[in-house]
Amino acid sequence: MNAPFPNWLQNGQRHIWLPYTQMKTAGQPLSVARTQGHQIELTDGRVLVDGIASWWTACHGYNHPHIARAVRAQLECMPHVMFGGLVHEPALTLAQRLCALLGPGLDRAFFTESGSVSVEVALKMAMQYWFNQGQTQRRRIVAFRGGYHGDTFATMAVCDPGVDMHTAFEGVIAPQDLHELPLDEARTETLDRWLRTHADQVAAILVEPLVQGAGGMRMHEPAVLARLRSLADRHGILLIFDEIFTGFGRTGTLFAFEQAGVRPDIITLSKALTGGTLPLAATVASQRVFDGFWSDDPSHALMHGPTYMGNALACAAALASLDLFESEPRLAQVQAIGHLLRDGLAPCETLPHVREVRVKGAIGAVELNEAPDLIALRHAFLEAGVWIRPFGRTVYLTPAFTTPPEAIRRLTDAISTVLATLPG
Ligand code: PLP
């Protein structure tokens, strides 16, 4: 049995700074001893059913032996080597396999170590693509209300998370163009009209396809993506899909864009890319975008290169994760979880505080009318033995695809029970 309050926790927590956390009021953080499958075991012995899959990464559940074996084998041979001037099999094989999965038109993978940085790279690719052709005025990015693309400076500029995340940096963040998603003809016409007068200054349109995740699990129809593709084509601008959240099965298809039958010029991937084991991201571009950098002029090269890019351990984990999508029935599991989420969250629809219940793939979201007391709500979920971390007005589930039905039911029961007790 572990000590409920181990030394490392007592000593270390005076020196740690946690994300998205008011350290003064947040109270004691939960400390984790180990993870397994769909469970998180705390150092005090409690075992929680995980509803979040560690910020949507651990799609195969925790500690999948196939990924663990691949990482161990890679560690023996080469954990990392710089990617400047050197390449290696895991990174090249991963690039080739990712491009094969993405299909024609997404042909060149650039690896980084986080989602935000992969979006930064996508934005740099789009702007420099035009710059290299002498169109130096194309600096603007069309992004959307409710979107989230990261916490670095360029990505904060294209975010609208709906909660107070980036206000402290107003005035420093480059102003970008936030629009309403073209959910209907009228909004499509509004965006079209704006593009008619501004398109020559725009490098790209950037969108999270089908689900805006951190902005509140807001879902839209695949037709929206088709409209964006035709607007981008009509106005001669690039289209970027940020599939950092939606990629690798989360919305029911391996990539969300498959449901729309349209393809982006650049796509960003991360999170479930390594099955929740090691940090890795990829920005994959079309041959056309890549060709925009192909030149005898050294200044036309993409000037980006994080120290740990193409990390061999992370690439080995990603390759093993891709194996699992081939050898285990992940998309069928996503579909089954979708049914369970729909059934299990249905009772929430009649609760007085609930505005809407939404399900897409293995994502279930309950949107409340007003922001609840998040600390109290999170505490109530812990009491129920589940790890659910609502934000803003949204209580959501994004479980591992391998989560068994009875555990999904624990999660949905916890949500409907806890929300039913919310003070009116
Ligand atoms: N883009 C999307 C759609 C995301 O959901 C996130 C993270 O939640 C990011 C980008 C940023 O990724 P990271 O946290 O790895 O920097």
Side-chain angles (χ1 to χ4, degrees), residues 17-21 51-59 110-126 141-163 165-166 169 173 176 178 181 204-220 224-225 228 239-251 255-257 264 266-284 304 306-309 311 314 317-318 321 360-363 365 389-392 394 396-398:
W17 199 334
L18 298 172
Y20 307 124
T21 301
I52 307 296
S54 280
W55 275 333
W56 328 328
T57 61
C59 55
F110 189 98
F111 291 118
T112 50
E113 354 69 330
S114 80
S116 301
V117 175
S118 73
V119 176
E120 294 264 345
V121 168
L123 300 181
K124 284 174 77 169
M125 278 179 181
I141 302 292
V142 169
F144 295 99
R145 295 245 162 255
Y148 177 80
H149 300 282
D151 293 340
T152 54
F153 272 88
T155 57
M156 283 194 287
V158 287
C159 278
D160 175 37
V163 288
M165 283 182 88
H166 300 143
F169 308 103
I173 300 172
Q176 285 295 1
L178 291 179
L181 269 175
I205 298 174
L206 168 68
V207 69
E208 292 161 270
L210 298 190
V211 189
Q212 293 177 307
M217 300 294 161
R218 306 178 196 207
M219 300 171 186
H220 54 259
V224 172
L225 305 177
L228 289 175
L239 181 61
I240 305 171
F241 285 169
D242 176 350
E243 292 231 23
I244 287 166
F245 169 45
T246 54
F248 303 105
R250 185 53 69 184
T251 66
F255 301 104
F257 73 78
I266 302 174
I267 191 167
T268 55
L269 304 168
S270 187
K271 294 213 182 266
L273 173 58
T274 62
T277 56
L278 284 151
L280 184 67
T283 309
V284 187
H304 203 98
T307 305
Y308 276 100
M309 82 175 281
N311 175 261
S321 177
K360 174 100 195 148
I363 306 164
R389 208 177 138 82
F391 57 77
T394 311
Y396 75 95
L397 294 172
T398 50

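What you are looking at is a predicted structure, and each value in this text was computed from that prediction instead of being measured. Both ligands and their constituent atoms are indexed starting at 1 by order of listing.
Shortest non-hydrogen contact noted between I141 and Q176 is N-OE1, 2.9 Å. The minimum heavy-atom distance linking M217 with W56 is given by the pair CE-CZ2, 3.6 Å.
Atom numbering of ligand 1 starts at 1 in the shown order; those under 4.0 Å from a heavy atom of E208 are 3 (C).
At a threshold of 4.5 Å between non-hydrogen side-chain atoms, the residues W55 and P19 count as touching. Contact annotation: the side chain of T394 never approaches that of R218 to less than 4.5 Å [non-hydrogen atoms, C-beta and beyond].
Assignment of W56 to the shell around ligand 1 is supported, since a heavy atom sits closer than 4.0 Å.
A side-chain donor-acceptor contact under 3.5 Å links T155 and T152.
The single protein non-hydrogen atom nearest to atom 1 (N) of ligand 1 is D242 OD2, 2.7 Å, given as residue, atom name and distance. Regarding atom 6 (C) of ligand 1, its nearest protein heavy-atom neighbour is Y148 CE2, 3.6 Å. Here the protein heavy atom with the shortest distance to atom 15 (O) of ligand 1 is G115 N, 2.8 Å. Annotation: atom 16 (O) of ligand 1 to nearest protein heavy atom, S116 OG, 2.6 Å.
At least one donor-acceptor pair under 3.5 Å links the side chain of E243 to the backbone N or O of F257.
Of the options K271, E113, H149, the smallest heavy-atom separation from atom 10 (C) of ligand 1 is shown by H149.
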